[in-house]
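Atoms considered below: every heavy atom in the structure, side chains included; atoms not considered: hydrogens, waters and symmetry mates. Computed from a predicted structure; not experimentally measured.
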Amino acid sequence: MWRSAGSTITEFAPWTYPFGVTRIQAFILTVCSWVFGTLILVGLGASPRDSALVVLVIVVQGVGGGYLWSLVSRDRACGALELIGMGLVLGSALAVMSGILIRPFISSALNSLLPSVILLLVFATRSWRLRSRWKPTSFSDWVFAGPALGGLLAGLAVLVVNLQRYPLRWGGFWDQYHPDMVFFEALSNSAGQYGGSDSVFMVGADIRYHWFSYAWVGQVTELSGSQPFVVLTRALPIVALIATVAVALAWTRRLVVSANVGSPRFAKVLPWLVVALIVTGGYLGALNGTILNFDSPSQALGTAWLMGLILVFLRIVHEAGGKDSRLVFVGQILILGVLTGVVTGAKVSSGVLVIVAIGFVAVMGLLVRAKWAKLAWVAFATAVLGFVLVYLTVIMGSASPGGLRFLSWLSRASTVQGLDSSPEIRGVILGTLGLTLAIGARWVGGLWLLREHTWRMRPETFLGIGLGIGSIVPLWVFSQGLNETWFALTASAPLSVLGAFGVWLAWNSLGLGVKTAAFSLGVAIISLVLVSYIWTDQVWESGFGRFWAPWFGYLVSLLAGLIVAILVREKKLVTLLVVATTVLTLQASAARVVPVAGSILGGSRDGAGLTTAELADTSVTESQSVTKVNEVIAPGSTLVDHGWSQDEINAALYLQANAANSDVVVTNETQGSVIPALSGLRAYITGAVYQEGYGGERSVVKIPARIELSRRFIASPSKEDFLVLCTEGVKWIWVSKFLDPGFVGTPFGVTVVSNASVDLVEIQSCES
């Protein structure tokens with residue numbers, strides 16, 4: 001049972017059905033998930049073989065994680081969505097940690113599957129019985145099936161649009177992949193096979209970066225043997241989407257159960273609002289509010305891990321005074337520590353946010369003398385330990401700490417987005433305030449938890465406040481243009497749940513009807529269209545008209561609340577605020593269309609000199625059609641460092657088939673990340689721009705010399721340079737003919753692949 005602070009929920013059945021399925025039922029569900037997942041990946045362009053094997057690995061992880069969650073869930077009655085979401089969260093998190101920790105001792109791709117295999121063996125061999133006599137009613141998981149399916153379809157639709165830039169097969173030369181995505185694929189190979197101790201970009205160097213999400217990608221890719229970019233651009237977004245939505249709906253269901261609302265109204269609308277805020281929601285009149293950002297895999301998968309962490313934390317604090325075994329409690333604490341570690345390893349800003357939010361709950365629990373205060377402090381200490389361990393071993397020591405400037409008014413996020421009212425400090429302050437309002441529209445409904453007496457002192461409320469503080473403070477004290485907004489984006493998913501739930505509570509407390517709800521929805525749609533038009537900046541000559549977009553959304557919401565308040569006879573102020581909050585939340589639930597609409601309408605240039613289309617979120621608006629180039633770029637022309645053709649793919653395929661995992665490549669393509677992305681092999685130096693930023697401080701000083709040696713050796717090979725390369729394990733020479741069109745071979749090896757773009761040379765022996 002889910003116990004609240006001061007009360008115990010005894011009737012849990014109407015919202016769940018027992019985890020008491022037979023082995024046959026579990027097997028059927030597993031096979032169905034495998035089949036449907038395979039069909040989705042095939043539909044997204046992956047080969048049937050890759051699709052089947054990738055989904056098989058994910059399903060095994062998910063089933064193992066779901067079974068583990070059933071063991072540490074004290075009421076032992078988890079809904080289907082909760083099992084699916086937490087299964088994917090725990091399964092992937094355990095796989096990452098297992099692969100990282102065991103790899104130094106046993107070099108095997110199977111390391112990451114070890115926890116899931118052990119859990120599946122326990123599941124298959126232990127005695128199995130029905131743990132609950134409760135049966136599902138008409139108001140059970142089926143209430144959430146529609147929103148869950150709707151969220152999946154909406155997320156897939158956005159993914160399909162986004163994937164037009166990321167095809168798996170094409171003809172000619174292709175450069176529409178975002179350069180960071182090529183880096184991410186290479187990093188996945190590096191993190192999955194070598195961890196952070198040996199960089200795929202520079203053999204012998206390390207990577208000090210939040211690479212845990214990419215370690216999962218690399219592990220699944222290695223296990224399945226799938227071609228590059230399948231897991232990164234297809235499987236990861238779908239896993240993040242399903243896990244985030246499923247856990248959000250499971251948490252929503254538990255919140256509604258804890259609300260003890262006698263005759264709940266709009267209960268079937270609430271899950272739809274939650275899903276909309278997460279999948280199609282955004283910042284009201286601002287950018288970078290896409291929670292499931294498919295161009296930032298670390299953010300997408302990290303969000304899923306964060307949602308699972310929050311559910312674990314709330315299960316811990318809600319069991320104050322419980323009579324369950326210490327073993328279960330220890331299991332939950334260990335899971336909390338693991339999830340804190342992987343969240344930090346996925347995005348260091350996410351780890352900081354976890355510490356701030358849970359720490360705030362612990363402090364407030366102590367101040368109000370809550371029964372759960374001690375458990376909150378235990379959870380906080382565990383989270384701090386998980387954060388510190390990962391930060392010290394994985395992230396600290398990077399040559400580029402992120403570029404955040406403290407208390408500077410230059411390059412603010414509001415400035416980059418064209419939200420400042422003027423270039424002066426006062427204008428930047430107003431712009432930052434407007435950006436804060438745009439961000440807060442998504443979760444302003446959570447403030448109603450403070451008004452409700454039964455919720456005021458709940459850990460969920462304190463958690464929401466902590467998340468809000470962790471979101472807004474960095475926005476005001478740091479500046480970089482983008483990195484200061486990651487904190488708010490990380491908190492957006494859990495705050496969306498609390499915001500939607502707060503609105504639902506307010507409506508049930510006032511007893512507002514369907515007509516008012518329809519009016520609020522209509523006003524929200526009209527306001528969102530007007531905000532989109534203002535955001536294009538076509539109606540302002542100053543270049544700063546976009547500044548008014550978030551403010552206008554709030555003004556319309558207040559006017560809508562005022563109209564309804566005038567029509568009611570009592571509680572006018574409360575009614576005004578409830579309706580205004582609802583309209584804001586509804587606008588935020590579809591705010592992702594604002595930059596899209598602005599891009600369609602055109603828009604003039606803003607203060608930063610960028611058009612609306614250039615500012616718009618790339619994961620939504622950039623959907624260039626696939627362009628085929630029949631002829632390879634002429635020799636001697638400038639190489640696009642993140643583009644490549646079938647020639648490069650063929651050379652990489654040869655390496656995959658003939659090179660050993662320990663082999664190293666030397667190349668004249670020292671800037672791009674294509675070679676390690678396609679081949680998975682370490683390089684003497686490549687992807688230098690990333691290695692220079694994210695490598696350890698001691699290793700980056702060697703990069704210029706390695707670049708010089710690599711280019712010199714290929715242009716004019718010498719015995720001295722050859723011996724230096726041999727000491728680093730170099731076995732292959734990859735020559736990009738775009739950079740050295742006159743390459744005619746080398747005396748130190750035999751050319752095994754030669755085409756219009758690449759000469760691949762195998763070094764016969766370093767002893768000759």
Side-chain angles (χ1 to χ4, degrees), residues 96 99-101 103-105 107 179-180 182-184 186-215 218 298 341 344-349 351-352 387-406 480 483 641 661-673 675-677 680-713 720-731 766:
V96 168
I100 292 173
L101 295 176
R103 192 85 191 208
F105 307 100
S107 180
D180 282 350
V182 185
F183 162 65
F184 294 151
L187 182 60
S188 299
N189 293 326
S190 181
Q193 298 183 52
Y194 314 110
S197 60
D198 198 355
S199 171
V200 75
F201 305 100
M202 180 178 175
V203 63
D206 58 353
I207 283 285
R208 314 299 295 178
Y209 188 70
H210 44 255
W211 45 260
F212 277 22
S213 298
Y214 306 108
S298 61
T344 304
K347 208 83 168 176
V348 66
S349 56
V352 173
F387 173 84
V388 170
L389 287 176
V390 171
Y391 182 79
L392 293 179
T393 57
V394 174
I395 298 170
M396 190 178 74
S398 172
S400 175
L404 289 174
R405 293 180 294 273
F406 183 69
Q480 190 268 343
N483 287 342
D641 65 4
N661 191 54
S662 59
D663 289 356
V664 179
V665 180
V666 64
T667 178
N668 57 345
E669 178 48 83
T670 57
Q671 297 301 316
S673 306
I675 296 171
L681 295 181
R682 292 170 296 172
Y684 181 65
I685 182 62
T686 192
V689 64
Y690 293 102
Q691 184 65 40
E692 193 173 45
Y694 304 125
E697 295 176 349
R698 296 181 179 179
S699 63
V700 297
V701 297
K702 303 176 182 178
I703 292 178
R706 289 204 176 193
I707 292 176
E708 182 182 357
L709 189 150
S710 298
R711 293 177 175 174
R712 183 177 66 238
F713 176 74
E720 181 181 1
D721 289 341
F722 177 67
L723 293 177
V724 173
L725 295 174
C726 284
T727 60
E728 296 293 343
V730 173
K731 301 294 183 183
C766 278

Indicate yes or no for a side-chain donor-acceptor contact from Asp206 to the backbone of Gly696 under 3.5 Å, with no hydrogens or angles considered. yes
Rounded distance (nearest 0.5 Å) linking atom OG1 of Thr686 with atom CE of Met202: 12.0 Å
Answer yes or no: is there a donor N or O on one side and an acceptor on the other, between the side chain of Ser398 and the main chain of Ile395, under 3.5 Å? no
So salt bridge (Lys or Arg N to Asp or Glu O under 4.0 Å) across residues 186-204, not counting sequence neighbours, yields Asp198-Arg682
I'd like to check the ring pair (Phe, Tyr, Trp, His ring centres under 6.0 Å) partners of Tyr194; sequence neighbours left out, ordered by chain and number. none
What residues form a salt bridge (Lys or Arg N to Asp or Glu O under 4.0 Å) with Glu697, not counting sequence neighbours? none
With sequence neighbours left out, what residues match Phe406 under side-chain contact (heavy atoms from CB on, under 4.5 Å)? Val477, Phe478
Sequence-distant partners of Thr667, side chain to side chain donor-acceptor pair (under 3.5 Å), two or more places apart: none
The side-chain contact (heavy atoms from CB on, under 4.5 Å) partners of Glu692 (sequence neighbours excluded) come to Ile703
Check side chain to side chain donor-acceptor pair (under 3.5 Å) between Ser199 and all other residues, then give those that pass, not counting sequence neighbours. Gln691
Please round to the nearest 0.5 Å and tell me the distance separating atom CD1 of Ile685 and atom CD of Glu669. 11.5 Å
Asp663: which residues meet the side-chain contact (heavy atoms from CB on, under 4.5 Å) condition with it, sequence neighbours left out? Ala659, Ala660, Lys731, Trp732
With sequence neighbours left out, the residues meeting salt bridge (Lys or Arg N to Asp or Glu O under 4.0 Å) with Arg712 are Glu708, Asp721
All ring pair (Phe, Tyr, Trp, His ring centres under 6.0 Å) counterparts of Tyr694, not counting sequence neighbours: Phe183, Tyr209
Under a 3.5 Å distance rule, please check whether Ser190 uses its side chain to pair with a backbone N or O of Ala186 as donor and acceptor. no
Hey, could you give me the CZ/OH distance between Arg208 and Tyr391, rounded to the nearest 0.5 Å? 9.5 Å
Not counting sequence neighbours, which residues clear side-chain contact (heavy atoms from CB on, under 4.5 Å) with Val701? List them please. none
By salt bridge (Lys or Arg N to Asp or Glu O under 4.0 Å), Arg711 pairs with (sequence neighbours left out) none
Roughly how far, to the nearest 0.5 Å, is OG1 of Thr344 from CG of Leu392? 11.0 Å
